Structures are given as structure tokens and as C-alpha cells.
Asks: 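First the structure, then my questions, so here it is.
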Amino acid sequence: MLLVLMGLIVNVFAVDRLEQQVIRVAQTLEEMDGIGMATVQTAKSTTMETSEPGTSTGIVAKGWGGKPAEILHVEGAVDNAPLSIAQKPKPQNDKYVNRRTSPPGSLNYYTTNEGDTTTVSKAILGTMLSIDPDSPPKVIPNLATSWEVSDDRLTYTYHLRRGVQFADGRPFSAKDVAFSFNVMRDPQVQADHLRSSFDDVVSLETPDEYTVVVKYRQKYWKGLYTIGHSLRILNKGWYEEQIPNYAEKLDIKTYATDPGKPGFADVFNKIRVPCPGTGPYYFPTSEFDATVPVEVVQNPFYFGIQVHPEWHNFEALRWIYISDPVAAFEAFRKQKFDVTTVDFQEWDDEYSKDPTITDISEYYEYDHMGLGFSVVYWNTRKAPFDDPRVRKAMAHLTNRQWILDEIERGRGSIASCVSKKSYPNYPEMEPLAFDIEKAKQLLAEAGWTDSDGDGILDKDGQRFEFELKAGSARRFYIQVAAALEDACKQVGIRMTLRTLEWATFIEDFYLRRFDAACLYSSFPDPWIDPYEELHSSQDVPRAGNATGWHNDRADELLENMRVEFDDANRNNMFHELCHLYQEEQPSTLLVHGIVGVLQNKRFEN
């Protein structure tokens, strides 16, 4: 699954990593003698050596909805673990404020594929496994403490952590995992972007409150991670309580609280807020208002307080939305927010020379496993882009070297494959070159000529005119579009750019109301499987195959890759797929970018 991202190149792991930088600084300073750093006394009388997981600590807290509940002892707590936020060794009592260009249309992770929604959801909804931040793609325990894989690789058993609670105080159990799976599997829930990863799951069983058994009909090399890492866990009790309330607000007379039953999806799809999850933060209100900043606050019941006491110390995480770059950097100068991505042209030509900016902030450039590529999607379901010769011509009209050199200022690399160049499955292949004459030749072969001499190519009475949509007026999209428009004019194609508000753009994109669309795609995890983006079965609204590409050999390769556990064999199939993809160009990949980030100097090191 690729995540579609709005105007900024969004780092879906930025919050975790920047916060860990703050934590590492604090750890280093504590180890230094004579600095006078104050620390908070942690609870020493209660440890997991003497307290049964799942039993009460005797401390009462209030989370989502203001309901009081007792904090439970957690399995796997460190010695002398703190039991509450106040007892954490390094509480920040501070907000981390991030700037974005446009708000997402919804914060419901299950019903949207938007990158910012995924970013927020990472802080709220837990998974059974986590990626080790120090050595990805290695996984470490999270909501599950251990797991086993059967010899035939068809059965995966997860053993859940005891004592975990949701942000409203409810205890977490295997029933919540089953509920989340059933929500994703409900065909009426708008989770098509998630569903195909679980196509081969036969059953998810819960023999007891702390065991989950997943059975596959055939082997899948990502099987452990699909349920373990991709399935974000929902709060079953919260939905059972809140769905009737939302149904009343929405004037929905027939509803259900069980996934798969008539009326469940009618309400669930319209809930635009995340439920209180097991993560370190929660969204404190019951409605999402896109006109105000998104803010999540610390979860007093977060199991990591006892298991990872030095993680997630910010009092709140906040996202503000400023689309105009001039207004945004004026706000940054006034320190209205802490961190933002910055285009390299803006940094090189303007902000690096601004003494106010350089005095208050540090500038960083880096890559991370979430970064994918900028891309132009062609709607292959209709003319003119139903012909691979036309799509290949469009690739030859796209000056990717200029995009890399001028817009990205040499940072990154030209993209030719739906992976990352640092990964072993990336093939050695040259991207299609910018070549106006080659584009003319391919268009002529496809039957596009200027039969009436008006300067515009035509075929069977149809003029070659198309609209390129973008979900932001970000400079990158404007410049890419201008260069492509100019190249199109040279061969007799009329192209127009249409920039839209993000919510409108993403809905058009999901429902395939576009000729061509330019955006940035990112990876949700390091285990890249392009099945959801490229297999013909995923050519349905809101699913992953946005271009509508159908190719029998590609389908065969994608299906065979899924059941191949040998990395070398799977990589060979992936290489063939990439060459086929380049020949047919269902989308034209632009650049594998890196991220430029400005961060306030109050974040040290």
C-alpha cells in the first residue's frame, strides 16, 4: 500500500524520531556530571516483579471523555517503572507543533489513505508489532509480547501483552483485534486501500483473551507483518458505545455495532475521528473540524509509560495548517510552530539567507523508509491514456533530470521503480529519457496526428487535451506542470493544470475522476509489496490501483511474489515487473526525494 500525501513531503515517522532525539539528549545530559539536571522521582515500591499484570495499581486517571479508571500493571514493565505520566523520568510538559499545508479530509484511518491521517493514527492506534527504530525492518514487541509461525507458514499466533488499556481506560484484549479485523473485512466499510493485504487470511481466531491465531489459505511472505504491523487496533467497546450516538447525530435510523451487519458501515464511514486507542496519545474530542489545528494529548493509560518510560514525553502533539508558504514562514519566524518541511529551492535561495530563520532553527536533510516518490498517474481506463504508447510518450515528455536538478536541487534521484534505491530489490535500469522526437514517434504510431492543421493532435474526432490535477498549489507541482505543459505544446497536446483543495482532490482521486494526477506517494512500512497498487483486482474505487492498469503478466508476477519467501527469487520477479512497468508506464515516476526540515533550536542535538 502506498500512502497518498498532500503538498508537503510528509515524514510519517518524524514525530517519533524528533522526540527520540530530545530523549537521547536528555539521557546524555543526565550521564554528565555536575550539570544540575532535575529529575522526577519514580515509583519504587511497585514493580512488575511483585505485581500481577492486569491488576490495579491503585492510581486513578482520566482519559478520553473524562471518565475515571484505575491504571493497571502492565506485562513487561521495567524495574521501578513509573505508573503515571507525572512519574515519568523526563516529562516535557510541552507541545510539539508541526506545520502542514492542508488538513486531511478525515482522521479515520480505516476510511482514508491520506498520509497525514496515517501520521496522526500512528500516535493513537497501536499495532501488535512495532518496527525497531534502530534497525528496521526488524520488528519488536508492542501489543504482542511474542509470536510463533507454523512450519508450513500458514498459521501465525500472537500472544498479547496483559494490562494494556485504551485511552478511555478500557482494557485491551483479543476481542479488540478481532473487531478491528472484522471492520477492515466489512465490504461496506471504505477500507479498500487496506483490504487486499488480508485477501489470503482464512480466519482470525481468539482462543482466549490474550491469544490471536491467524490462518492463511496460502503462504504470504509478509504474513507476519500484515496482521502484526498493518492492522491498527480499534477500541471495540468505544464503538459499541458511540455508534448509537453518532447514528442519532447523523439521523441514521438503522444501524449496527457489529461489523458486517447492515447499518454498521453507514455510521462507521461517517465517523471522522479516531477512537481512543492504545497508543501514547489520543484525540480528545468527538468531532473533527478541518478548520482548526489537530491536537492529540498524552494517554494516561499508555502501557509504554511502564514499558518504555523515556518514550513519548510531549504533553501534546499539534498539527497546524498553513497553505501559503509566505504566511507559513512568517509564522515560523514568530515561532508559532516548531518544525516544517521546506522545498530545496526555498531553502537554497531564501530561507538559508534569512538571519531570523537561521538564528531560531536548525536545518536538516535526510531520507527515511517512508519516503517513496513523486509521480504522475495516468488514468488508463479511458483515451488517450488507455494506450501504453501514449503513456510512454508522456514519460518522454517529462524532463525528470530537470526536475531533479532545478526543483530538487540535486537532492534525491530519478525514480524508475516502485521501491527505494537503498533496498536490494531495486533493479539496475535506466529511466526513460526526456526525448521530444521519441514522443512524437510514439504518438504517431498510436494514431495521433494533426489532421485538421489546428496545431492539436487528434484521433477519431477526439482532440488530445487533458487536465492534470494536483492537491496543492505547492511550487513543486506548479513547476512540474509548467514544464510538462511546455513539452506537450511542442508535440501538439493541450494540457491544463487544475489545483484543488486537498479534500476535493483526494475524493476525485479515490473515485478516479481525473485524466492525470500529480502527487507524492509514500511507503507505510519497509516490506514493499506493490500488489495493492498494480494488481488488476485492485482497480476499484478507493483501492490501490489508481491508474486502472491491467496486465496479465504483471498480475502473475505479483501473485507469485506473494508466496515466494526466498528474497533472491522474489527480487528477480520484482525486477521483471519493474521493466514491464517502465514499458507500459501506467504512471510516470518522477523523483525519489529526500526531506529538508527546519526545526526550532529548542530541540537540541
Side-chain angles (χ1 to χ4, degrees), residues 2-15 95-125 190 193 232 246 249 268-277 279 281-297 314 316-332 336-343 370 469-477 498-511 513 517-522 524 542 595 597-598:
L2 293 179
L3 305 177
V4 292
L5 304 181
M6 58 188 76
L8 290 172
I9 300 174
V10 178
N11 174 5
V12 298
F13 301 99
V15 171
K95 294 180 181 180
Y96 174 94
V97 185
N98 200 321
R99 174 246 172 175
R100 297 285 198 253
T101 55
S102 303
S106 170
L107 295 180
N108 187 339
Y109 171 80
Y110 275 68
T111 61
T112 182
N113 195 22
E114 298 174 75
D116 271 13
T117 302
T118 298
T119 301
V120 175
S121 297
K122 274 172 55 67
I124 296 171
L125 303 178
Q190 294 173 346
H193 59 290
R232 298 197 174 273
Y246 282 101
K249 292 179 186 178
F268 184 88
N269 289 337
K270 292 181 173 63
I271 298 176
R272 299 199 300 155
V273 298
C275 65
Y281 298 91
Y282 68 95
F283 188 71
T285 64
S286 59
E287 296 296 339
F288 171 58
D289 183 351
T291 66
V292 300
V294 170
E295 183 165 306
V296 297
V297 298
F314 293 115
L317 310 178
R318 198 167 196 245
W319 291 266
I320 65 173
Y321 301 98
I322 307 174
S323 58
D324 178 26
V326 175
F329 281 92
E330 184 59 32
F332 188 73
K336 299 294 186 181
F337 58 88
D338 299 313
V339 64
T340 184
T341 58
V342 57
D343 288 339
K469 288 185 176 181
S472 164
R474 179 186 166 209
R475 183 189 294 187
F476 177 90
Y477 298 126
R498 187 179 180 191
T499 59
L500 300 167
E501 290 293 327
W502 177 255
T504 302
F505 170 82
I506 198 63
E507 189 66 11
D508 283 354
F509 186 75
Y510 284 157
L511 299 180
R513 297 189 296 241
C518 186
L519 43 79
Y520 201 95
S521 289
S522 191
R542 300 185 186 278
V595 174
V597 173
L598 278 173

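The first residue of the sequence shown is numbered 1, and numbering continues consecutively from there. Bear in mind that the values here come from a model prediction, so they are computed numbers and not experimental data.
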Asks: What heavy-atom pair brings Tyr477 and Cys518 nearest, and what distance separates the two atoms?
Replies: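 So the two residues come closest at CD2-SG, 3.5 Å.
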Asks: Taking the side chain as every heavy atom from C-beta outward, state whether Tyr321 and Thr101 have any atom pair closer than 4.5 Å.
Replies: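 SC-SC contact between Tyr321 and Thr101 ruled out.
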Asks: Please confirm whether the backbone N or O of Ser102 pairs with a side-chain atom of Ser323, one donor and one acceptor, at under 3.5 Å?
Replies: no
Asks: Hey, could you give me the NE2/OG1 distance between His193 and Thr112, rounded to the nearest 0.5 Å?
Replies: 6.5 Å
Asks: Is there a side-chain contact between Thr118 and Pro524 (heavy atoms, below 4.5 Å)?
Replies: no
Asks: Work out which heavy atom in Glu295 is nearest to a heavy atom in Pro284; give both atom names and the distance.
Replies: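 Closest pair (atom of Glu295, atom of Pro284, distance): O-CD, 3.4 Å.
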Asks: Using 4.0 Å as the upper bound for N to carboxylate O, is an ion pair formed by Asp343 and Arg475?
Replies: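 No salt bridge links Arg475 with Asp343.
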Asks: Are Leu107 and Phe283 close enough that some pair of their side-chain heavy atoms sits under 4.5 Å apart?
Replies: yes
Asks: Has Arg232 got a side-chain atom pairing as donor or acceptor with Leu125's backbone, closer than 3.5 angstrom?
Replies: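 Between the backbone of Leu125 and the side chain of Arg232 there is a qualifying donor-acceptor contact (under 3.5 Å).
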Asks: For residues Ser106 and Thr111, report the shortest heavy-atom separation together with the two atoms involved.
Replies: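 Nearest pair, atom of Ser106 first, then Thr111: OG-OG1, 4.1 Å.
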Asks: Could you give the distance from OH (Tyr246) to CD1 (Ile271), rounded to the nearest 0.5 Å?
Replies: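 Here the rounded value is 5.5 Å.
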Asks: If you define the side chain from C-beta out and look only at heavy atoms, does anything of Tyr110 sit under 4.5 Å from Phe268?
Replies: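 Tyr110 reaches Phe268 side chain to side chain.
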Asks: Please examine the side chains of Val120 and Tyr109, heavy atoms only from C-beta on, and report whether any two atoms are closer than 4.5 Å.
Replies: no
Asks: Does Asn98 reach the side chain of Phe337, with side-chain heavy atoms less than 4.5 Å apart?
Replies: no
Asks: Applying the salt bridge (charged side-chain N to carboxylate O under 4.0 Å, His left out) test to Glu287, which of Lys249, Lys270, Arg272 qualifies?
Replies: Lys249
Asks: Under 3.5 Å, is there a donor-acceptor pair between the side chain of Tyr510 and the main chain of Asn113?
Replies: yes
Asks: Tell me the closest heavy-atom pair linking Ile322 and Ala331, and the distance in Å.
Replies: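 For Ile322 versus Ala331, the nearest heavy atoms are CD1-CB, 3.9 Å.
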Asks: To the nearest 0.5 Å, what is the distance between CZ on Arg498 and CG on Asp508?
Replies: 7.0 Å
Asks: Contact between Thr291 and Pro103 at the side-chain level, heavy atoms closer than 4.5 Å - yes or no?
Replies: no
Asks: Are Arg100 and Thr119 close enough, and set up right, to give a side-chain contact (heavy atoms from CB on, under 4.5 Å), and what steps lead you there?
Replies: CA-CA 11 Å; Arg100 297 285 198 253; Thr119 301; 3.7 Å; yes
Asks: Test side-chain contact (heavy atoms from CB on, under 4.5 Å) on Trp502 and Glu114 and set out the steps.
Replies: CA-CA 10 Å; Trp502 177 255; Glu114 298 174 75; 2.4 Å; yes
Asks: What do the steps show when you test Val297 against Tyr282 for side-chain contact (heavy atoms from CB on, under 4.5 Å), and what is the final call?
Replies: CA-CA 6 Å; Val297 298; Tyr282 68 95; 3.5 Å; yes
Asks: Could you check whether any side-chain heavy atom of Leu598 comes within less than 4.5 Å of a side-chain heavy atom of Phe329, counting everything from C-beta outward?
Replies: yes
Asks: Judged by atom type as modelled, is there a donor-acceptor pair below 3.5 Å linking the side chain of Asp116 to the main-chain atoms of Pro104?
Replies: no
Asks: Using modelled atom types only, decide if a donor and an acceptor are shared between the side chain of Tyr96 and the backbone of Val339 within a distance under 3.5 Å.
Replies: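 Absent.
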Asks: List the atom of Ile124, the atom of Pro274, and the distance in Å for their closest heavy-atom pair.
Replies: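 Minimum heavy-atom separation between Ile124 and Pro274: CD1-CG, 3.6 Å.
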Asks: Looking at NZ of Lys95 and CG of Asp338, how far apart are the two atoms once the value is rounded to the nearest 0.5 Å?
Replies: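 Taking NZ in Lys95 and CG in Asp338, the distance rounds to 11.0 Å.
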Asks: Which pair of heavy atoms, one from Thr499 and one from Ala473, lies closest together, and at what distance?
Replies: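 Heavy atoms of Thr499 and Ala473 come nearest at CG2-CA, 4.3 Å.
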Asks: Decide side-chain contact (heavy atoms from CB on, under 4.5 Å) for Arg513 and Glu507; before the verdict, give the C-alpha distance in whole Å, the side-chain angles of both, and the deciding distance to 0.1 Å.
Replies: CA-CA 8 Å; Arg513 297 189 296 241; Glu507 189 66 11; 3.8 Å; yes
